[in-house]
Participant: 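To start, I am sharing the structure in question, which I have written as structure tokens.
By convention in this document, chain letters (A, B, ...) are assigned in the order of the sequence lines, proteins followed by strands, and residues within each chain are numbered from 1. Note: hydrogens, waters and symmetry copies are ignored here, and every other heavy atom, side chains too, is used. All values reported here derive from a predicted model rather than from experimental measurement.
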4 protein chains.
Amino acid sequence: MIIDIDARSDVPIYEQLRRGVIAGIANDELAPGDRLPSVRALAVDLGVNLHTVNKAYALLRDDGYITMRRGSGAVVAERGAGAADAPGDARIEGELHRLILEHKAGGGDAAAFLDLVRTQLARIYGE
Amino acid sequence: MIIDIDARSDVPIYEQLRRGVIAGIANDELAPGDRLPSVRALAVDLGVNLHTVNKAYALLRDDGYITMRRGSGAVVAERGAGAADAPGDARIEGELHRLILEHKAGGGDAAAFLDLVRTQLARIYGE
Amino acid sequence: MIIDIDARSDVPIYEQLRRGVIAGIANDELAPGDRLPSVRALAVDLGVNLHTVNKAYALLRDDGYITMRRGSGAVVAERGAGAADAPGDARIEGELHRLILEHKAGGGDAAAFLDLVRTQLARIYGE
Amino acid sequence: MIIDIDARSDVPIYEQLRRGVIAGIANDELAPGDRLPSVRALAVDLGVNLHTVNKAYALLRDDGYITMRRGSGAVVAERGAGAADAPGDARIEGELHRLILEHKAGGGDAAAFLDLVRTQLARIYGE
DNA sequence: GTGGTCTAGACCACT
DNA sequence: GTGGTCTAGACCACA
């Protein structure tokens with residue numbers, strides 16, 4: 001799994017890490033039961049601080065994507081076992097609502113937005 | 001137009017203001033040529049800092065949603081005339097990409113995501 | 001409000017801080033809308049690190065006890081407005097279950113446990 | 001007796017083991033004089049580290065719940081004969097105090113807390 | 001002036 | 001060897 005960090009981005013590093021792991025899970029590069037690199041190892045690997053990786057892992061744990069145990073490291077959790085499954089959908093709906101409003105305010109319509117969605121779905125799920 | 005500020009949200013107040021104006025434009029509560037409340041009036045009205053409203057208006061101006069002239073206040077711009085058309089779509093695509101990945105990592109599939117999108121489109125554009 | 005920190009306790013300092021604030025809220029020393037001391041001020045006051053206080057405040061925020069905003073400081077939230085209200089009760093029930101089991105395993109019975117509970121209720125709510 | 005280890009809990013495994021044995025004693029699944037599984041057998045059975053089981057047994061022995069002799073394994077002790085009788089009650093009272101404070105800070109009152117207690121007592125001692 | 005983020009380095013608990 | 005906690009100090013975003 002490759003996560004590239006952009007230190008100049010306005011997205012915090014820990015959030016970039018979180019998204020990278022989520023992308024890895026979505027792309028099946030990380031399967032349930034797989035061990036993530038240790039906090040220290042990933043920190044050295046990416047050239048960021050240990051605590052930054054730790055925060056990203058803690059967020060992923062709180063959202064149910066991974067489990068962590070003091071002496072055992074971090075492991076990808078089973079899908080659908082997270083504590084944030086239902087609220088996760090609610091959050092995604094909220095963000096979609098906001099995106100559609102921005103799109104409409106910029107002059108778009110429903111069909112144009114659906115096109116954007118289909119394009120991205122094809123990128124991820126294939127055609 | 002009503003903008004409600006959620007003090008508990010982790011979204012910055014200036015960003016909530018920005019989104020509120022965009023929502024007003026999208027919902028046709030704010031039409032091109034309409035005048036927005038003055039920075040001072042809105043700040044007093046919402047009980048937030050002057051600088052906060054100022055920042056929100058500046059961002060809206062940078063994205064082409066409104067025009068500002070010293071002395072004449074802020075006015076809603078014509079749709080499609082802004083600087084944000086092309087970059088706006090790119091940003092929306094990026095956010096969609098991320099949302100789909102999170103949704104898939106949480107166990108969702110393409111059809112389920114399309115359902116979420118259609119639900120939100122119906123909320124905004126009507127059925 | 002007074003919070004005394006025991007650095008030798010096996011309870012983490014941030015957890016002692018969290019409990020102290022909760023006790024303050026329960027004892028009506030902290031009412032909804034009251035401002036908590038700033039992270040820096042409390043850290044200096046108690047002789048602990050800024051980040052330790054920050055973590056305690058973040059936990060209290062996640063449990064809905066307080067709200068925090070970058071330039072505004074921390075404020076005691078309205079009761080019953082937290083995100084953890086229902087799960088809070090579930091957690092308390094779980095801990096009660098465990099305590100009763102330990103009490104029974106040590107030779108206690110239901111009446112004796114109720115006595116312990118009534119004693120503590122009297123300490124907090126008065127007789 | 002069945003002890004299920006929750007890998008996602010933030011409670012250390014040795015503590016989950018300790019609580020499991022205490023629950024077994026409280027539920028009369030483990031009677032005074034019964035032999036517990038050997039450290040090795042339980043470790044293999046649960047898929048946890050030998051040291052972890054060892055630590056749990058040591059804690060149970062220190063609290064007077066079990067007795068251990070080299071070669072003869074661990075045996076459930078007589079009730080009320082342990083070293084944990086007096087200190088156990090003090091610890092339980094302390095935890096009750098904390099729970100009541102959290103409950104009150106979340107908007108509860110004495111009657112509501114007593115209801116929670118009675119519900120859990122009924123679960124364990126029957127109605 | 002406030003909290004948020006990041007870095008650096010230490011010690012401890014757990015497996 | 002792993003993550004958890006704490007300290008120390010810096011810079012930035014927000015109000």
Participant: Determine the sole option in B/T67, B/I25, B/L60 for which the side chain to side chain contact (heavy atoms under 4.5 Å, CB included) test with B/V76 is passed.
Facilitator: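 Result: among B/T67, B/I25, B/L60, B/I25 is the only option passing the side chain to side chain contact (heavy atoms under 4.5 Å, CB included) with B/V76.
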Participant: What stems involve DNA chain E, if each pair must be Watson-Crick or G-U and both of its distances must be under 3.5 Å, with 3 or more such pairs in a row?
Facilitator: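 If one scans DNA chain E for consecutive Watson-Crick or G-U pairs, the stems found are E:1-14 with F:1-14.
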Participant: Provide, to the nearest angstrom, the distance between the CE atom belonging to C/M68 and the C1' atom belonging to E/dT5.
Facilitator: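 After rounding, the gap between these two atoms is 13 Å.
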Participant: If you assign A/P37 and C/E15 each to the DNA chain F nucleotide with the nearest heavy atom, which residue ends up on the more 5' nucleotide?
Facilitator: A/P37
Participant: Specify the separation, in whole Å, of atom CD1 of C/I5 and atom C1' of F/dT5.
Facilitator: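 The answer, rounded to whole Å, is 14 Å.
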Participant: Whole Å only: how far is the CG atom of C/L42 from the C1' atom of E/dG3?
Facilitator: 14 Å
Participant: Report the distance from atom CG of A/L96 to atom NE2 of B/H103, rounding to the nearest 0.5 Å.
Facilitator: 9.0 Å
Participant: Side chain of A/S38 only, please: which of F/dT2, F/dG4, E/dA8 is the nearest?
Facilitator: F/dT2
Participant: Considering only side-chain heavy atoms of C/S72, which listed nucleotide, F/dG3, F/dA15, E/dT15, is closest?
Facilitator: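 Shortest atom-to-atom distance from the side chain points to F/dA15.
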Participant: Could you tell me whether the side chain of C/R19 reaches within less than 4.5 Å of the side chain of C/V11, counting heavy atoms only?
Facilitator: yes
Participant: Below the 4.0 Å mark, does F/dA15 have OP1 or OP2 next to a side-chain nitrogen or oxygen of C/R69?
Facilitator: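 Checking F/dA15 against C/R69, a side-chain N or O does come within under 4.0 Å of OP1 or OP2.
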Participant: Any side-chain heavy atom of C/I22 within less than 4.5 Å of one from D/R98?
Facilitator: no
Participant: What's D/V48 touching, base or sugar-phosphate or nothing? Going by heavy atoms closer than 4.0 Å.
Facilitator: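 No contact.
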Participant: Measure from CG on C/L46 to C1' on F/dC6 and round the result to the nearest Å.
Facilitator: 14 Å
Participant: Return no unless some side-chain N or O of A/K55 is found under 4.0 Å from OP1 or OP2 of E/dT5.
Facilitator: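 It does, given that an N or O in the side chain of A/K55 lies less than 4.0 Å from OP1 or OP2 of E/dT5.
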Participant: Using a cut-off of strictly less than 4.0 Å, decide whether B/Y14 has a side-chain nitrogen or oxygen near OP1 or OP2 of F/dA15.
Facilitator: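 Answer is no, no contact under 4.0 Å.
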Participant: State which of E/dT5, F/dG4, F/dA15 makes the closest approach to the side chain of A/R70.
Facilitator: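 Of all the options, the side chain of A/R70 is nearest to F/dG4.
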Participant: Can you tell me how far C1' of E/dG3 sits from CG of C/L59, to the nearest Å?
Facilitator: 15 Å
Participant: Given side-chain contact (heavy atoms from CB on, under 4.5 Å), test A/I66 with A/L36 step by step and report yes or no.
Facilitator: CA-CA 9 Å; A/I66 67 175; A/L36 293 173; 3.7 Å; yes
Participant: Strictly below 4.0 Å: does A/N54 bring a side-chain N or O up to OP1 or OP2 of F/dG4?
Facilitator: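 True: A/N54 side-chain N/O within range (under 4.0 Å) of F/dG4 OP1/OP2.
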Participant: Taking only the side-chain nitrogens and oxygens of A/R61, find out if one of them lies under 4.0 Å from OP1 or OP2 of F/dG4.
Facilitator: yes
Participant: Check the phosphate of E/dC14 against D/T52, side-chain N and O only, distance under 4.0 Å to OP1 or OP2. Yes or no?
Facilitator: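 No.
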Participant: Under the 3.5 Å rule, do the base of E/dG3 and the side chain of C/R40 count as making a donor-acceptor pair?
Facilitator: yes
Participant: Tell whether A/H51 reaches the base of F/dG3 with its side chain through a donor-acceptor pair below 3.5 angstrom.
Facilitator: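 Counting by modelled atom types and ignoring angles, no donor-acceptor contact under 3.5 Å is found here.
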Participant: Is any side-chain nitrogen or oxygen of A/R8 closer than 4.0 Å to OP1 or OP2 of F/dC12?
Facilitator: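 No, because none of the side-chain N or O atoms of A/R8 sits under 4.0 Å from OP1 or OP2 of F/dC12.
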Participant: Give a yes or no on whether a salt bridge exists between D/K55 and D/E15, defined as a side-chain N under 4.0 angstrom from a carboxylate O.
Facilitator: no
Participant: Let's see if you can work this out: which of E/dC14, E/dG3, F/dA15 has an atom nearest to the side-chain heavy atoms of D/P12?
Facilitator: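 Nearest nucleotide to the side chain: E/dC14.
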Participant: Counting C-beta onward and ignoring hydrogens, is there a side-chain heavy-atom pair between B/L99 and A/L99 closer than 4.5 Å?
Facilitator: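 Yes, close enough: below the 4.5 Å cut-off.
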Participant: Of C/A74 and A/G71, whose nearest nucleotide on DNA chain E comes first from the 5' end?
Facilitator: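 Comparing both residues, the 5'-ward one is C/A74.
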Participant: Show your working on side-chain contact (heavy atoms from CB on, under 4.5 Å) between C/N54 and C/R40 and close with a plain yes or no.
Facilitator: CA-CA 9 Å; C/N54 203 12; C/R40 280 176 188 75; over 6 Å; no
Participant: Just so I know, are the side chains of A/I3 and A/Q16 near enough to count as touching, which here means a heavy-atom distance under 4.5 Å?
Facilitator: no
Participant: Quick one: which of E/dT15, E/dC6, F/dA15 gets closest to the side chain of D/I13?
Facilitator: E/dT15
Participant: What is the distance, rounded to the nearest whole Å, between atom CG of C/L50 and atom P of F/dT7?
Facilitator: 10 Å
Participant: Tell me: CG of C/D10 to P of E/dC14, nearest whole Å?
Facilitator: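 Going from C/D10 (CG) to E/dC14 (P), I get 9 Å.
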Participant: Which part of the nucleic acid, if any, lies within contact of B/N49, taking any heavy atom under 4.0 Å across all strands shown: a base, the sugar-phosphate backbone alone, or nothing?
Facilitator: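 The answer is sugar-phosphate, as B/N49 gets under 4.0 Å only of primed atoms, P, OP1 or OP2.
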